[in-house]
Number of protein chains: 2
Amino acid sequence: MNRTNAGAGVNLLALRSHNAALVLELLRLAGPPGITRLELAERTGLTPQAVSKITARLRSDGLVTEAGRQASTGGKPRTALRLVPGAGHAVGVHLDRDEMRLVLLDLTGAAVAERRAALDLGAGAAAVVGTAAREVGALAGVLGEGAARSSVLGVGVAMPGPLDHVHGVLQRVTGFPEWDGFPLRDALARRLDLPVVLDKDTNAAALGLAVGSEGGSFAYLHLGTGLGAGLVLNGAVHRGARTGAGEFGHQVVQLDGPPCGCGGRGCVEALCLGAVARGAVDEAARVLGTGAANLVALLDIDLVLLGGRTVASDPDRFVRGVGTVLDARARREGVCSPVPVRLAPGGPHLVAEGAAQLLLAPLFGRAEG
Amino acid sequence: MNRTNAGAGVNLLALRSHNAALVLELLRLAGPPGITRLELAERTGLTPQAVSKITARLRSDGLVTEAGRQASTGGKPRTALRLVPGAGHAVGVHLDRDEMRLVLLDLTGAAVAERRAALDLGAGAAAVVGTAAREVGALAGVLGEGAARSSVLGVGVAMPGPLDHVHGVLQRVTGFPEWDGFPLRDALARRLDLPVVLDKDTNAAALGLAVGSEGGSFAYLHLGTGLGAGLVLNGAVHRGARTGAGEFGHQVVQLDGPPCGCGGRGCVEALCLGAVARGAVDEAARVLGTGAANLVALLDIDLVLLGGRTVASDPDRFVRGVGTVLDARARREGVCSPVPVRLAPGGPHLVAEGAAQLLLAPLFGRAEG
DNA sequence: TGCACTTTGGCAACAGCGTTGCTTAAGTGG
DNA sequence: CCACTTAAGCAACGCTGTTGCCAAAGTGCA
């Protein structure tokens with residue numbers, strides 16, 4: 001359940017869905033081999049009987065099924081339970097600078113289908129919404145027209161910020177002033193007659209990476225044509241009240257440094273991309289590492305994941321360079337185990353998959369934060 | 001309730017205490033004038049009847065009492081409810097470099113008594129624990145020996161980090177290696193036979209400031225002999241898994257800048273305090289503002305509060321200087337309303353009061369994060 | 001092959017939560 | 001004085017997780 005803000009009173013209905021979501025989340029983490037009722041009971045702190053009742057409900061709803069038995073330990077063997085992949089689907093749309101990537105995920109988060117299309121933001125809102133709607137329709141078409149089709153929970157859309165994920169409104173699309181303040185979520189929702197959720201690309205990526213990992217905190221640093229971050233704190237994507245969190249590119253790491261396109265001076269993004277343009281990848285990694293170290297120290301992050309086209313152009317050097325800075329900083333602070341740096345897994349569909357996870361998340365108790 | 005980690009299953013007992021805590025939190029926010037049952041129902045989302053039952057329990061527990069009636073709006077006037085201040089107390093201890101400050105708070109967070117004592121960390125753990133225990137005993141003595149005395153929930157201790165608030169163990173006390181790894185919480189708890197909670201001074205300050213404000217996110221920047229931060233995200237103190245969050249002083253804002261005592265270069269703390277030492281307060285404020293702007297952008301913070309002896313020496317210039325940097329950054333990013341900067345309220349007892357709040361917080365549903 | 005033992009997991013009864021429907025209490029206003 | 005309005009408790013209820021019990025389904029030794 002959630003924070004102590006307004007309307008956080010919990011009645012029996014809320015309790016039920018909370019516990020059901022908790023069980024679903026553990027089932028999702030368990031993956032195809034499944035998890036037994038007694039393990040669920042142990043991990044939730046609920047009694048085995050409560051878990052039996054909850055899983056019985058989930059089974060009769062078609063979300064969960066039995067999946068064989070485990071080896072006996074001297075008595076009746078435990079029955080494994082697992083998610084029914086086809087019980088729910090979600091579409092994820094990644095609107096990037098020049099192309100649109102779409103994925104269709106099942107309940108377990110596995111990609112069922114993918115699509116790509118060219119994207120021209122200059123064509124205006126109506127055209128883009130139309131294209132997106134057509135692509136979503138075509139993608140969902142693989143499910144046929146029966147129950148599978150109606151299992152689509154909705155569409156998640158991820159794109160570069162700034163935007164407002166609460167209201168689903170774009171604030172600004174650099175280079176295309178006609179998009180200022182466009183209510184993309186509602187426009188697409190009306191067109192598709194499906195729930196739509198809008199979020200920043202970096203947040204979607206972070207959510208995609210957070211799925212399948214328990215609790216923990218990490219930062220996803222995306223270095224492509226720009227530099228941004230997605231933050232996961234205690235297992236939840238941290239967006240801030242205005243979806244502004246993760247603005248990492250214009251962190252100043254060199255007071256009165258070289259000017260940046262944003263009007264500031266000494267921004268990480270400018271220093272980083274400038275170095276890359278000069279072919280000084282190691283220097284770029286060192287700058288990125290400095291920003292990452294600031295972030296890690298400020299938030300006590302467990303893990304740093306790197307991604308984006310620029311990183312992908314020389315992944316090892318970036319990972320090594322950032323790691324070196326973090327290690328040095330950790331050693332100075334007397335921390336025993338430095339924060340690990342890794343290349344973000346997931347490949348080119350990471351953002352689209354994360355966008356789809358925006359709709360799956362509520363099922364598994366990951367509230368929108 | 002909390003995150004989806006382990007043991008987050010919610011049974012009826014947990015539900016009851018959650019809703020009770022929610023009601024208590026609203027009663028605390030309402031302060032002396034109190035709040036009516038129907039308002040509580042509206043704000044919690046529970047039915048009036050549920051609130052009646054919950055408040056009846058709280059009244060029979062002695063935590064809540066009726067406090068007059070509101071003006072009628074044409075029918076039976078609503079009855080206001082308020083906390084019973086004396087129903088619970090908590091002691092807060094602030095261990096600073098050279099002195100120890102203690103406060104005794106009642107359930108509403110009001111200071112009932114205060115004490116000060118000299119502190120010599122060089123005297124060793126046993127001596128300090130002894131002094132602290134005596135001071136706590138003397139402070140609690142004002143409650144007499146009856147029910148009031150037994151209403152003391154425990155003792156919160158706040159001191160400079162690094163430390164581990166989960167295990168209540170100090171990691172390092174700069175200048176006094178004999179304190180490395182000292183289990184202060186357990187030592188004091190055994191001595192006092194009371195629950196003890198340990199946290200960083202900046203976190204305690206942030207908690208103290210968070211009490212009485214709803215939801216929201218803010219950063220408390222403390223500039224004294226060092227520079228640290230306390231972060232409150234969505235109404236909860238963000239500590240990180242290792243109580244490391246808020247390490248703000250050694251954020252690098254000038255790559256390869258002047259060396260800092262920590263071994264790094266271009267840390268905010270070194271630049272800031274260096275400027276202050278040179279009498280360049282405006283420059284110090286500008287540097288602090290740069291770090292603050294980084295933090296605000298990264299986390300989408302609503303408010304920045306400044307405190308600490310150095311800030312107190314020229315508060316207006318610091319507030320103005322930091323505000324200028326934040327405003328400029330906000331304007332560049334096209335944000336309509338810049339993040340406000342204010343002097344932290346609360347005075348010299350802020351940290352000690354926050355330390356005491358560490359024990360009151362669970363009653364009001366503010367889980368330890 | 002049979003029986004004792006272990007372990008799983010459903011059934012039934014139960015306590016306790018918030019909810020609903022209703023009644024009583026305590027005001028206002030004509 | 002009485003009709004009306006609003007607050008808040010009482011009683012019955014549905015639903016939650018819990019407890020106690022028992023059938024089901026294995027293992028392992030005689």
Side-chain angles (χ1 to χ4, degrees), chain A residues 1 7-24 26-27 30 34-61 64-82 365, chain B residues 1 7-24 26-27 30 34-61 64-82 365:
Chain A
M1 319 252 156
V10 177
N11 57 23
L12 289 161
L13 217 93
L15 179 144
R16 170 164 101 179
S17 56
H18 171 86
N19 285 343
L22 197 64
V23 166
L24 286 173
L26 291 172
L27 283 160
I35 182 172
T36 64
R37 284 175 247 264
L38 287 167
E39 272 181 276
L40 287 169
E42 237 175 278
R43 307 220 17 199
T44 57
L46 298 170
T47 59
Q49 183 57 27
V51 171
S52 276
K53 284 190 182 178
I54 291 166
T55 54
R57 271 201 303 269
L58 294 174
R59 280 194 300 157
S60 82
D61 291 349
V64 170
T65 186
E66 299 195 335
R69 325 204 120 166
Q70 290 194 339
S72 165
T73 60
K76 176 174 176 177
R78 301 182 175 184
T79 314
L81 300 170
R82 61 167 177 76
Chain B
M1 318 254 161
V10 177
N11 57 22
L12 291 159
L13 217 94
L15 179 144
R16 171 163 100 178
S17 57
H18 171 87
N19 285 343
L22 197 65
V23 167
L24 285 173
L26 291 172
L27 283 160
I35 182 171
T36 65
R37 291 176 179 81
L38 287 167
E39 272 181 277
L40 288 169
E42 237 175 278
R43 307 220 18 201
T44 56
L46 299 171
T47 59
Q49 183 58 25
V51 171
S52 277
K53 285 191 181 179
I54 291 166
T55 54
R57 270 200 304 269
L58 294 174
R59 280 193 300 156
S60 81
D61 291 348
V64 170
T65 186
E66 299 196 336
R69 325 205 119 166
Q70 291 194 338
S72 165
T73 60
K76 175 175 174 177
R78 301 183 175 184
T79 314
L81 300 170
R82 61 166 176 76

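Just so we're on the same page: letters track the sequence lines, and every chain starts at 1. Just so you know, these numbers come straight off a predicted model, no measurement behind them.
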By side chain to side chain contact (heavy atoms under 4.5 Å, CB included) - contacts of A:A41 (at least two apart): A:P48, A:V51
Boundaries of the chain B footprint along DNA chain C (any atom under 4.0 Å from a heavy atom): C:dC17 to C:dT28
Interatomic distance where CG belongs to B:L46 and P belongs to D:dA8 [whole Å]: 16 Å
Salt bridge (charged side-chain N to carboxylate O under 4.0 Å, His left out) pairs, two or more places apart, involving residues 50-59 of chain B: B:R59-B:E66
B:A50: partners by side chain to side chain contact (heavy atoms under 4.5 Å, CB included), with sequence neighbours left out: B:L46, B:T47
Provide a list of protein-nucleic acid N or O atom pairs under 3.5 angstrom, restricted to nucleotides 25-29 of chain D.
{"from": "D:dG26", "atom 1": "OP1", "to": "A:R69", "atom 2": "NH1", "distance (Å)": "3.0"}
{"from": "D:dG26", "atom 1": "N2", "to": "A:G74", "atom 2": "O", "distance (Å)": "3.0"}

Stepwise side chain to side chain contact (heavy atoms under 4.5 Å, CB included) test for A:L12 and B:L12: CA-CA 8 Å; A:L12 289 161; B:L12 291 159; 3.5 Å; yes
Listed nucleotide nearest any side-chain atom of A:Q49, set D:dG17, D:dG20, D:dA7: D:dG20
Gap between atoms CD and P, on B:E39 and D:dA7 respectively (whole Å): 10 Å
Contacts of type side chain to side chain contact (heavy atoms under 4.5 Å, CB included), residue A:R78, not counting sequence neighbours: A:T36, A:L38, A:E39, A:Q70
Non-neighbouring partners of A:T73 that pass side chain to side chain contact (heavy atoms under 4.5 Å, CB included), sequence neighbours left out: none
Side chain of B:R37 (C-beta onward), nearest among D:dA8, D:dA7, D:dT19: D:dA8
Integer-rounded Å distance: D:dT5 P and B:R78 CZ: 16 Å
Interatomic spacing from CG in B:L58 to OG1 in B:T65 - rounded to 0.5 Å: 11.5 Å
Sugar-phosphate only, base, or nothing, as touched by A:L13 at under 4.0 Å among non-hydrogen atoms: nothing
Touch class at under 4.0 angstrom, heavy-atom based, for A:T79 against every strand present: sugar-phosphate
Audit row: B:I54, B:L40, side chain to side chain contact (heavy atoms under 4.5 Å, CB included) steps and yes/no: CA-CA 11 Å; B:I54 291 166; B:L40 288 169; over 6 Å; no
Separation of atom NE2 in B:H18 from atom C1' in D:dT16, rounded to whole Å: 16 Å
From CD (B:E42) to CG (B:L26), nearest 0.5 Å: 11.5 Å
Nucleotide D:dT16, atom P - distance to CG of A:L22 in whole Å: 16 Å
